[in-house]
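Every number for a ligand or one of its atoms is a count from 1 in the order of the listing.
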Amino acid sequence: MNDMILLKQGEIVLKGLNRRRFEQCLINNVTRRLKPYGQFRVYAIQSTVYIEPQNDSCDMDGAFDAMKAVFGIVALSRAVACEKDADAIAKKAIEYLGDAMAAAKSFKVETRRSDKAFPMTSIQLSQYVGGELNEAFPHVPVDVHTPDFVVHVEVRDLAAYVHSRPVPGAGGMPVGCNGRAVTLLSGGIDSPVSSYMIAKRGVRLIPVHFFSFPYTSEAAKEKVIELAQTLTDYCGRMRLCIVPFTHIQEEIRDHCPEEYFTIIMRRFMMRIADRIAADNDCDAIVTGENLGQVASQTMRAMAVTESVTNVPVLRPLVGFDKEEIIRTARKIGTFETSILPYEDCCTVFTPRHPELRPTVAHAEEAESALDIDALVEEAIRGMEHIKLKVGDSL
Ligand code: ATP
Ligand code: MG
């Protein structure tokens with residue numbers, strides 16, 4: 001059967017002159033994500049992306065599931081194309097939706113007609129197809145107000161399509177259409193969620209993890225790799241940067257006032273992230289910080305840590321409650337990995353009494369004994385890169 005997948009584009013359709021670029025970005029992402037499932041033809045017409053299998057060996061179920069995670073799509077449905085003729089459409093609906101119709105308590109037909117040359121109006125075609133379906137499934141009554149099952153018919157330029165109710169897509173904008181950013185990925189609950197949220201706004205991400213071996217273990221690193229791997233379902237392929245952070249933390253411990261440990265450490269994270277951003281054409285740094293969660297996440301502390309960067313620091317979770325963050329973490333499949341009990345470098349050398357009212361001047365003074373540039377350079381040089389492809393399991 002000539003089964004196919006239709007993707008409804010989301011906000012892209014509002015983009016006016018830039019629309020072609022956004023649409024091309026979506027098509028590229030979709031095409032790349034379909035590769036493991038066979039050969040498909042992908043094209044866009046009238047704010048819908050069409051995915052047509054090129055042969056019988058295509059895995060349509062796998063392809064459909066993969067498309068649910070692609071940003072830039074508000075709804076997706078499986079559909080079958082047929083001749084633009086009322087009888088052919090009705091016959092196709094009976095054949096293609098037979099199982100769903102047989103199980104439905106009531107139904108209605110909804111028609112959209114973008115081909116205005118079609119000889120029937122949308123209402124006429126709905127009535128005709130509804131009548132035919134009613135004859136084929138006499139036990140299922142028509143209910144135009146609260147139907148249990150909606151049969152969608154679309155008459156477009158090239159063909160007519162019959163499809164069942166669309167399922168929600170991932171929303172957002174196609175990854176890559178809004179530039180690139182560095183995202184700071186710890187092993188915690190928050191940063192995978194903040195990464196997901198910024199990717200959803202169309203940003204391609206470079207995840208960066210600060211690793212303090214042997215204070216933090218190989219298992220902690222594996223956990224971060226697994227989180228980044230899970231995120232590729234949404235973000236596409238990524239290159240995870242693992243930054244050696246031990247020497248910096250020891251230098252801070254040995255040469256800086258204890259109450260500033262965390263602030264100085266976070267300023268180093270920001271400097272290194274800023275460097276990676278500059279080297280990779282990234283326009284922002286993303287963190288999972290959340291207002292008031294801990295001493296280092298007050299407005300003042302944020303001001304002091306971000307004062308060393310040249311690009312904006314995006315904190316999409318800043319106003320979220322933990323419950324809301326956890327709900328998203330569960331939805332995107334990172335929660336179970338995030339709660340594995342491995343330590344993060346933030347929990348190494350934590351001050352007993354962190355500074356609650358830090359200032360940039362005090363932070364600069366507190367870190368003045370360190371050779372900042374040399375430490376940043378050393379960390380950048382020691383960086384390890386891990387390439388992650390969509391669908392690679394560990
Ligand atoms: P998370 O759950 O994401 O770890 P958190 O609430 O535990 O966040 P912190 O540990 O203070 O908060 O970290 C705040 C943010 O700093 C994290 O969300 C992350 O973006 C970044 N971060 C913290 N530790 C690391 C690390 N080891 N590597 C990379 N980024 C980190
Ligand atoms: Mg953390």
Side-chain angles (χ1 to χ4, degrees), residues 181-199 205-213 215-228 230-231 238 240-246 248-249 252 261-277 284-299 301-302 304-306 308-309 312-330 332 334-351 354-355 358 379 383-384 386:
V182 165
T183 186
L184 301 192
L185 193 62
S186 69
I189 296 169
D190 303 339
S191 47
V193 175
S194 53
S195 303
Y196 165 87
M197 288 179 68
I198 294 299
L205 297 177
I206 299 185
V208 172
H209 178 69
F210 298 96
F211 184 47
S212 293
F213 190 79
Y215 300 105
T216 60
S217 63
E218 276 297 325
K221 178 169 142 188
E222 288 302 320
K223 172 180 169 180
V224 172
I225 297 173
E226 193 174 329
L227 287 171
T230 305
L231 286 172
M238 294 193 291
L240 170 64
C241 305
I242 307 275
V243 179
F245 209 49
T246 315
I248 289 175
Q249 288 201 282
I252 297 172
F261 277 3
T262 308
I263 292 279
I264 296 173
M265 179 195 72
R266 298 195 63 77
R267 281 162 66 87
F268 270 97
M269 288 185 176
M270 289 297 177
R271 286 187 186 100
I272 294 166
D274 197 61
R275 218 357 239 288
I276 298 172
I285 296 169
V286 182
T287 79
E289 287 166 300
N290 179 245
L291 194 56
Q293 207 180 69
V294 287
S296 63
Q297 295 182 21
T298 62
M299 289 180 279
M302 289 181 193
V304 176
T305 52
E306 75 186 13
V308 296
T309 66
V313 178
L314 307 181
R315 302 178 173 92
L317 305 183
V318 78
F320 276 38
D321 288 347
K322 197 74 187 182
E323 273 314 306
E324 296 171 284
I325 300 171
I326 289 176
R327 209 178 309 135
T328 307
R330 284 190 195 281
I332 65 175
T334 53
F335 183 73
E336 295 301 327
T337 309
S338 287
I339 58 173
L340 293 173
Y342 304 122
E343 62 301 314
D344 181 52
C345 71
C346 289
T347 53
V348 179
F349 315 136
T350 44
E355 177 59 59
M383 205 155 60
E384 179 191 354
I386 299 174

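Neither the backbone nor the side chain of Asn290 has a heavy atom within less than 4.0 Å of ligand 1. With a 4.0 Å heavy-atom cut-off, ligand 1 is reached by the backbone of Leu185 but not by any atom from C-beta on.
Contact atoms of ligand 1 toward Gln297: 6 (O), 9 (P), 11 (O), 12 (O), 13 (O), 14 (C) (distance under 4.0 Å to a heavy atom of the residue). Shown in contact with Thr287 at under 4.0 Å from a heavy atom are these atoms of ligand 1, numbered in order with element: 20 (O). Ligand 1 places these atoms under 4.0 Å from at least one heavy atom of Gly288: 17 (C), 18 (O), 20 (O). Close approach of ligand 1 to Val208 (heavy-atom distance below 4.0 Å) involves ligand atoms 29 (C). Listed by atom number, the atoms of ligand 1 under 4.0 Å from Gly188 heavy atoms are 1 (P), 2 (O), 4 (O).
Atom CZ of residue Arg271 and atom CZ of residue Arg267 lie 5.0 Å apart, to the nearest 0.5 angstrom. The distance from the OH atom of Tyr215 to the CD atom of Gln249 is 8.5 Å, given to the nearest 0.5 Å. Atom CG in Leu231 sits 11.0 Å away from atom CD in Glu226 (nearest 0.5 Å).
Checked for salt-bridge contact, Glu384 and Lys221 meet the test: a charged N lies under 4.0 Å from a carboxylate O. A salt bridge links Glu306 and Arg315; the closest N-O separation between the charged side-chain nitrogens and carboxylate oxygens is under 4.0 Å.
Of the N or O atoms in Val286, none lie within a sub-3.5 Å distance of an N or O in ligand 1. Between Asp190 and ligand 1, at least one pair of N/O atoms sits closer than 3.5 Å. The N/O atoms of Pro192, backbone and side chain alike, include none that comes under 3.5 Å of an N/O atom in ligand 1. Residue Met269 has no nitrogen or oxygen atom sitting less than 3.5 Å from a nitrogen or oxygen atom of ligand 1, judged on distance alone. Close N/O approach between Ile189 and ligand 1 is found [any backbone or side-chain N/O within under 3.5 Å]. Some N or O of Ser186 is nearer than 3.5 Å to an N or O of ligand 1, by distance alone.
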_Full working for side-chain contact (heavy atoms from CB on, under 4.5 Å) between Leu205 and Met238_ = CA-CA 7 Å; Leu205 297 177; Met238 294 193 291; 4.2 Å; yes
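Between Ile252 and Phe268, the closest side-chain pair of non-hydrogen atoms falls below 4.5 Å.
Thr246 and Ser212 share no side-chain donor-acceptor pair at under 3.5 Å.
Every residue meeting the side-chain contact (heavy atoms from CB on, under 4.5 Å) condition with Pro316, not counting sequence neighbours, appears here in chain and number order: Ser194, Met197, Ile198, Val286.
Comparing Met265, Lys221, Arg266, Lys322 against atom 14 (C) of ligand 1, the shortest heavy-atom distance belongs to Arg266.
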